[in-house]
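All chains are named by letter (A, B, ...) in the order of the sequence lines, taking the proteins before the strands, and each is independently numbered beginning at 1.
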There are 2 protein chains.
Amino acid sequence: MKQITKYIIKNSLKRIFLYRACLSRLRMMGVEKVFSYTLAHETGVTSEQVRKDFSEFGIKGNKRGGYNTNELLEVMENIFHRNKEQNIVLIGMGNLGIALSKHGQFFQRNMNIVATFDIDPFKQKVRSNIPVYSLSRLKEIIDRFKVKVVILAVPEISAQEVADELIRLGIKGIVNFAPVLLKVPNDVIINNVNLCNELESVIYYVHKQIKADGSKNLEILYTGMKY
Amino acid sequence: MKQITKYIIKNSLKRIFLYRACLSRLRMMGVEKVFSYTLAHETGVTSEQVRKDFSEFGIKGNKRGGYNTNELLEVMENIFHRNKEQNIVLIGMGNLGIALSKHGQFFQRNMNIVATFDIDPFKQKVRSNIPVYSLSRLKEIIDRFKVKVVILAVPEISAQEVADELIRLGIKGIVNFAPVLLKVPNDVIINNVNLCNELESVIYYVHKQIKADGSKNLEILYTGMKY
DNA sequence: GAATTGATGTGAAACAAATCACAAAATATA
DNA sequence: TATATTTTGTGATTTGTTTCACATCAATTC
């Protein structure tokens with residue numbers, strides 16, 4: 001029997017994020033042409049890996065000429081559908097939900113939070129230009145804005161219930177901040193973000209390294225970024 | 001030349017998180033004994049994988065008897081050093097920083113945010129019992145509470161500068177929310193959390209699946225969780 | 001315009017991770 | 001007490017990913 005769970009984010013895709021971050025910095029610095037080893041050096045991977053990843057995503061360079069920074073960035077933006085605006089809905093206006101609704105980077109990257117929702121009428125007031133609705137208006141908004149992806153920031157107890165309703169309304173992707181393993185149909189993409197786990201894993205590796213001590217023979221020689 | 005960047009969070013460790021989430025739910029339901037296939041079924045991995053992972057972390061079960069839920073959970077809590085309290089410091093009290101400082105789950109899981117910091121004197125007031133200090137008091141607090149791990153939620157521009165200072169003060173692990181590839185020494189663990197990337201990757205897979213259409217031949221058959 | 005140089009792109013090789021297959025052990029049953 | 005059953009734990013095998021090695025091409029130099 002094979003595992004039914006695939007890790008949503010493949011390592012090659014994660015590295016594409018890395019390359020992109022690096023590229024936009026290079027572009028800001030006015031660099032017009034990059035080579036696989038430039039990106040490799042900046043991101044801590046090997047240049048073969050960069051080229052292999054590019055080949056997976058169908059990215060072609062120029063023999064001896066490297067890659068044009070702008071073209072490369074554009075290709076990457078297309079990979080993530082940043083060419084056309086994505087309408088997103090956010091559910092749960094607790095601590096985290098409020099912060100996410102104000103998170104400017106989403107908008108900068110063409111991902112628009114068109115509406116937020118909360119069960120609590122007390123929280124249903126407009127904040128930072130994004131309206132907060134009752135859950136009863138979910139269908140209306142999802143249909144009107146053709147929403148396919150939501151951010152779920154509701155408490156643990158209600159996460160599954162809300163997810164079920166969302167899927168019934170045609171949602172195909174969920175970024176889930178609740179520490180729950182949602183049960184969803186095969187065609188729905190779930191990406192669980194668990195802040196505690198992120199912190200705990202750092203604690204785990206730090207302790208491991210402190211124990212290993214002599215800075216040699218470390219299992220992780222890690223100089224930069226996770227992806 | 002080998003890649004110097006290792007993915008901080010190994011897949012086997014991610015799955016330990018999964019098993020733990022599952023176990024604490026089972027314990028709540030009064031289940032005292034679990035088998036590898038129980039966890040396997042709940043988490044979407046195979047039972048051999050569960051046992052292989054356990055073996056990697058030195059977890060032993062009872063032949064024919066499975067695993068004792070409580071013992072297993074305790075072993076896992078030890079893996080993540082949840083037996084002893086971890087003092088954490090949070091830097092940057094913007095949107096996200098404020099939300100993180102109020103994030104109850106950290107405390108529940110024995111990770112104490114002992115202090116927060118911000119460059120802006122206007123933000124330096126006590127919120128939700130956790131004091132907000134000026135960055136000038138970093139050394140004092142890090143020393144007093146023997147802090148080894150920090151949460152970095154400062155703007156992109158200042159992230160590297162603050163990270164440099166933190167490392168100078170002896171910090172060994174950083175959960176970095178700024179969209180920057182921090183340059184740090186080999187013995188410092190970085191875990192980058194980029195909320196945009198998490199959302200974009202879901203958008204990527206949703207579009208891919210919509211394009212693939214006929215629900216068959218999907219590259220991802222994904223029923224539950226990311227890890 | 002031939003020779004050299006410096007990059008890409010990709011099969012082949014090496015390595016790592018997941019699955020298979022089954023021995024070993026513990027319990028239940030006869 | 002012997003036999004059957006159930007589940008763990010792990011070598012062997014398969015599958016997937018990264019690294020190596022080099023053919024290929026385009027620009028530059030002679």
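- No more than 12 heavy-atom neighbours from other residues, nucleotides or ligands sit within 6.0 angstrom of CZ on B:F107.
- Under the rule for a salt bridge (Lys or Arg N to Asp or Glu O under 4.0 Å), the partners of B:E77 that lie at least two apart in sequence or sit in another chain are B:R82.
- Ion pairing of B:K33 with B:E71 is absent here, as no side-chain N (NZ or NE/NH1/NH2) approaches a carboxylate O to less than 4.0 Å.
- Counting heavy atoms from C-beta on, the side chains of A:Q209 and B:N186 never come closer than 4.5 Å.
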**Complete:** Per-nucleotide protein contact along nucleotides 7-17 of chain C, 5' to 3', at a 4.0 Å heavy-atom cut-off (B base, S sugar-phosphate only, - neither), is SBBBBB---S-
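- The salt bridge (charged side-chain N to carboxylate O under 4.0 Å, His left out) contacts involving residues 145-161 of chain B comprise nothing, where partners must be two or more places apart or lie in separate chains.
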